[in-house]
Structures are given as structure tokens and as C-alpha cells.
Participant: 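I have a structure I would like to understand better, so I am pasting it below and will then ask my questions one at a time.
Nothing fancy with the numbering, it's 1 onward along the sequence. As a basis for the values below, the full set of heavy atoms in this structure was taken, side chains included, without hydrogen atoms, waters or symmetry mates.
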Amino acid sequence: MISLNHGLSYAETGTISEPQWYEADIALVKAANIKTGSAGVLRFSIKPLIEGDFEFKTSLNINSKSVKLNQADLKKIKTSNMRKTFCDFEFVVTEPVYGDFSAEFSTAYPAADLIKAVEKKFGSDLYEVKKLTRKINFHSKIYSVSIPFKLIITETECAINPELYFEKNAGEEFLNMKPSLSTQDALNKIESFEAKYSGIFDLSKEGFYKFIKRTNCDFLKDLNDYFKGLHAYNYPAAAIGENGKTASQKELKSVAADYAKVFEFIETSFKYFNETKKASAEYINNNGPEHVYIAAYYNLYFTVNFKNCINKKDGEKEIIKNYEAVLNLINESGLYKNEVLKKSLAGYFYYNLAQMSKKSGAIDYKRYFRKAVSENKGLITE
């Protein structure tokens, strides 16, 4: 996990400040694995916000016996035309880490360009402009910055089993779980459930209870298999094409009921287990991890629909609202007795909520990032 305070340069001078001329951050793009010794990757990235040619010298200040960098401490990266650039630092860890470190960089200070930008906006006669100009000219010719970050490496690479690993595809912004089925196997599971439970979602809550009591069916296991199939069948829709556009895929297969009805039936199933003395806790201990696919499907379904949303103003808001409602139902459903698993799933949902909110223009999107980090101490970063 990386907790980062961006080092954005500005100087206050009355009502006129030095223009913000770069954005820089550091992020964990690959987690180190303590048990196997496989390396992790920290990525420093920077984007100039003014025209010009820049060369940045960057290094990581990690004073820890538990963290070892695999390459040279100092790296040089160049960029022009305000293009974002980055460099990667590969590292290994020997034991759990929880510490405050920093990324450091330096470059030639663009004083003339900054003064030009200020004068273009405010003119050169104002007292505040003259005062800021003197301050900029007085600055050292080499601009150096230290960007703090918190690094947390836990015993496991992520809190969910490796085969249930959430990831970003190349060029993708949302986290989604890898499917574990082929498209044909996925379709078989979907068709099997729909044949066995034809019209099931047309029942009322009371009617459904009578059905499972009469049949003694293992509805939760069958339901999860159904979602496992739906997730794998729809997964290609999240792919990104060579030009950064969503790949052309078949229409998403969805559940023949809204999410509230599905979770109502889940709640009824647990009621039946308890009343028939089939302890739900024991059932979850034996089968609980499988139910991750119910969350995985809804996560995929809403993130893909968000990307494909046509009615941006109202459509995105409705998707975010429904996605957050599913997260709340997942947390309250009793499906996940294992707190680590439940928190991990919540972390992925909160991360995607942050991305959706940020893209929709919400000013308080960072609250979701903070929740994501607090829920999952493995890979979630902003």
C-alpha cells in the first residue's frame, strides 16, 4: 500500500501564487511477496504542466533493513511537451514493512517560464507580481523536492486467494477479478442455473422460502456457480483495445432480477439454514470463499456499464448509487463471515467507487480512496 501526499509546487504571495508547474506521485504497481522473495515495483511518475524540455533525477529514500532496491539508487528521466513520464524501482522485502519513506527528485528550476506565465495572466506592473518575480528569481537554479509516502507490505500479497486476484488490465482504470472459467464453461453454468431455477426470481420472499423448504436445494452454492459463470462470460467486455477503447464485445448478460431481490433471497436462505439447524457459519466456513464470485460479478457489471454509459450526467450517478448499494448489501448479507475476505472485497469496491466518482466530477471522491486503503492493506493505492 502506498499512502501519498503529492508534492505540488506553489508559493503564496498575497493573492497571486507561483503557478503549479508539475504533478508527481509514487505508486505501488506490483506488490513484493515476502514468502517467495519475488520483487515488487514502485513507480515514480511526473508530468510537467508547462511547456519545455525537462530532465528529472530521481531516487527513493528507503532507510530500512527489510527493503532492498534491486537497481541503481539514482535514475534520470526526460520529457517534453508536457508528457507524463515515469521510472520504476524494483525492490524486495524480507519481512513485513510499515514505514514512512520518500521519493526525491531534482530538475532545473524553470524560473523564466514561471515568471512569463504570471506576467501573461496578471501583467508586470502589480506589486504582488513584482514580489513573486523577485522570489522566483531568488530561488536556487536546481529545484529539489521530497515526496513522502507510506509503504505497507504484509505477509500475503493480497488478502484473497491468488486465484481470486483483482487486477488492472493494461490501460484499464478499474480493478476486476480474473475469471477462472472458459467462456463455454461459463455459459454452461449460466444455462444450468436458469434451467434448474426457471422463474425463481418471480417468486416473492415468502414463495422463495417455501420453495427451498420443499426442495431442500443448495441454492447459495447454485447461485454462486451462476454468478461465477456470469462473471467469466462478461469479463471480456472489460478488455481494452489497442487504441485505448473498450473492445467490441457481446452484450453483457445480467441477472433476471435486481440486486435487492438477489440479496433478499440470500437472506432468506440463511434463515432457512438456521431454522433447519444447518448452521450458516459452518456452511460459510466450508463454502464461503466461493461466494466471492457474487461480489466479482456485480463489481464487473457496474464498472463495465460505467465505462459504456451514454447519459453521462444522470447515468453515471445512478450507476454509482447502485454500485454502492450492492457494496452495502455485500457487507450486511452474512455471506462473508471471514472479516479479512469481507474487508478485502470492500477495498476493491471502494477503489472502483473512487475512480467512478473522480471521473464523474465529484469533489469528495478521495473519501472512497481513503476507505479502500483502510479496508485492504495489500494492494489498494490511489
Side-chain angles (χ1 to χ4, degrees), residues 160-161 163-164 176-235 251-302 322-323 325-342 344-346 349:
I160 300 179
N161 294 335
E163 65 271 17
L164 306 179
N176 270 297
M177 198 180 82
K178 294 177 181 178
S180 59
L181 299 173
S182 67
T183 302
Q184 186 56 53
D185 287 341
L187 193 57
N188 291 341
K189 284 188 177 294
I190 294 169
E191 292 175 346
S192 175
F193 180 88
E194 291 177 347
K196 184 175 181 180
Y197 293 99
S198 177
I200 191 70
F201 293 115
D202 294 332
L203 295 176
S204 64
K205 184 177 180 180
E206 294 74 20
F208 172 70
Y209 180 83
K210 290 177 182 178
F211 170 81
I212 58 175
K213 186 176 182 180
R214 184 178 73 252
T215 61
N216 197 31
C217 65
D218 200 344
F219 178 77
L220 275 182
K221 186 178 186 305
D222 292 336
L223 183 70
N224 188 71
D225 281 344
Y226 177 48
F227 277 97
K228 191 173 186 178
L230 285 167
H231 169 258
Y233 186 86
N234 288 319
Y235 188 79
E251 186 177 349
L252 289 181
K253 277 190 173 293
S254 59
V255 186
D258 63 29
Y259 54 82
K261 170 77 80 169
V262 171
F263 281 94
E264 184 178 84
F265 280 14
I266 289 171
E267 179 186 348
T268 304
S269 298
F270 280 127
K271 176 184 176 183
Y272 171 70
F273 289 144
N274 289 329
E275 291 184 0
T276 56
K277 309 212 183 292
K278 183 176 181 180
S280 57
E282 180 182 346
Y283 181 85
I284 291 299
N285 285 337
N286 294 332
N287 301 282
E290 284 295 305
H291 294 130
V292 73
Y293 288 103
I294 296 174
Y297 164 77
Y298 281 117
N299 181 63
L300 177 68
Y301 181 77
F302 284 111
N322 290 334
Y323 184 71
V326 169
L327 169 59
N328 292 334
L329 287 170
I330 285 172
N331 284 333
E332 297 166 5
S333 65
L335 268 176
Y336 309 106
K337 297 294 183 182
N338 184 316
E339 283 298 313
V340 173
L341 178 61
K342 185 163 72 173
S344 298
L345 290 173
F349 270 68

Participant: Just to verify, what does A232 make a side-chain contact (heavy atoms from CB on, under 4.5 Å) with, not counting sequence neighbours?
Facilitator: P179, L181, A186
Participant: Decide side chain to side chain donor-acceptor pair (under 3.5 Å) for Y235 and N176; before the verdict, give the C-alpha distance in whole Å, the side-chain angles of both, and the deciding distance to 0.1 Å.
Facilitator: CA-CA 9 Å; Y235 188 79; N176 270 297; over 6 Å; no
Participant: Name all residues meeting the ring-ring contact (aromatic ring centres under 6.0 Å, His included) criterion together with Y297; count only those two or more places apart in sequence or in a different chain, and write none if there are none.
Facilitator: F227, Y301
Participant: Could you tell me which non-hydrogen atom of A296 sits nearest to which non-hydrogen atom of M177, and how far apart they are?
Facilitator: CB-CE, 3.7 Å
Participant: Answer with yes or no after comparing the ring centroid distance for F219 and F211 against a 6.0 Å cut-off, counting only values under it.
Facilitator: no
Participant: Measure the spacing between CG of L327 and CG of N322 and express it to the nearest 0.5 Å.
Facilitator: 12.5 Å
Participant: Under the salt bridge (Lys or Arg N to Asp or Glu O under 4.0 Å) definition, can you give me all pairs with a residue in residues 181-194, not counting sequence neighbours?
Facilitator: K189-D225
Participant: In Å, rounded to the nearest 0.5 Å, how long is the span from CG of D222 to NZ of K228?
Facilitator: 13.0 Å
Participant: Could you grab the distance from atom OH of Y226 to atom CZ of F193, nearest 0.5 Å is fine?
Facilitator: 6.0 Å
Participant: Do Y272 and N216 pass the side chain to side chain contact (heavy atoms under 4.5 Å, CB included) test, and can you show the C-alpha distance, the side-chain angles, and the key distance before you say yes or no?
Facilitator: CA-CA 9 Å; Y272 171 70; N216 197 31; 2.7 Å; yes
Participant: Give a yes or no on whether the backbone of K253 and the side-chain of N234 come within a donor-acceptor separation of less than 3.5 Å.
Facilitator: yes
Participant: Sequence neighbours left out, cut at 3.5 Å: what donor-acceptor pairs do the side chains of residues 261-271 make with other protein atoms?
Facilitator:
residue, atom, partner, partner atom, Å
K261, NZ, L203, O, 2.8
T268, OG1, E264, O, 2.9
S269, OG, F265, O, 2.9

Participant: Look up atom CG in N299 and atom CG in L345, then write down how far apart they are to the nearest 0.5 Å.
Facilitator: 9.0 Å
Participant: Can you sort out the partners of Q184 under side chain to side chain donor-acceptor pair (under 3.5 Å), two or more places apart, ordered by chain and number?
Facilitator: N188
Participant: When rounded to the nearest 0.5 angstrom, what distance separates OH in Y233 from CD1 in I190?
Facilitator: 7.0 Å
Participant: On a heavy-atom basis, which atom in L329 and which in A260 lie closest, and how many Å separate them?
Facilitator: CD1-CA, 4.3 Å
Participant: Can you sort out the partners of N328 under side chain to side chain donor-acceptor pair (under 3.5 Å), two or more places apart, ordered by chain and number?
Facilitator: none
Participant: Can you list the residues that meet the salt bridge (Lys or Arg N to Asp or Glu O under 4.0 Å) rule with K213, with sequence neighbours excluded?
Facilitator: none
Participant: Show your reasoning for whether side chain to side chain contact (heavy atoms under 4.5 Å, CB included) applies to L223 and Y197.
Facilitator: CA-CA 10 Å; L223 183 70; Y197 293 99; over 6 Å; no
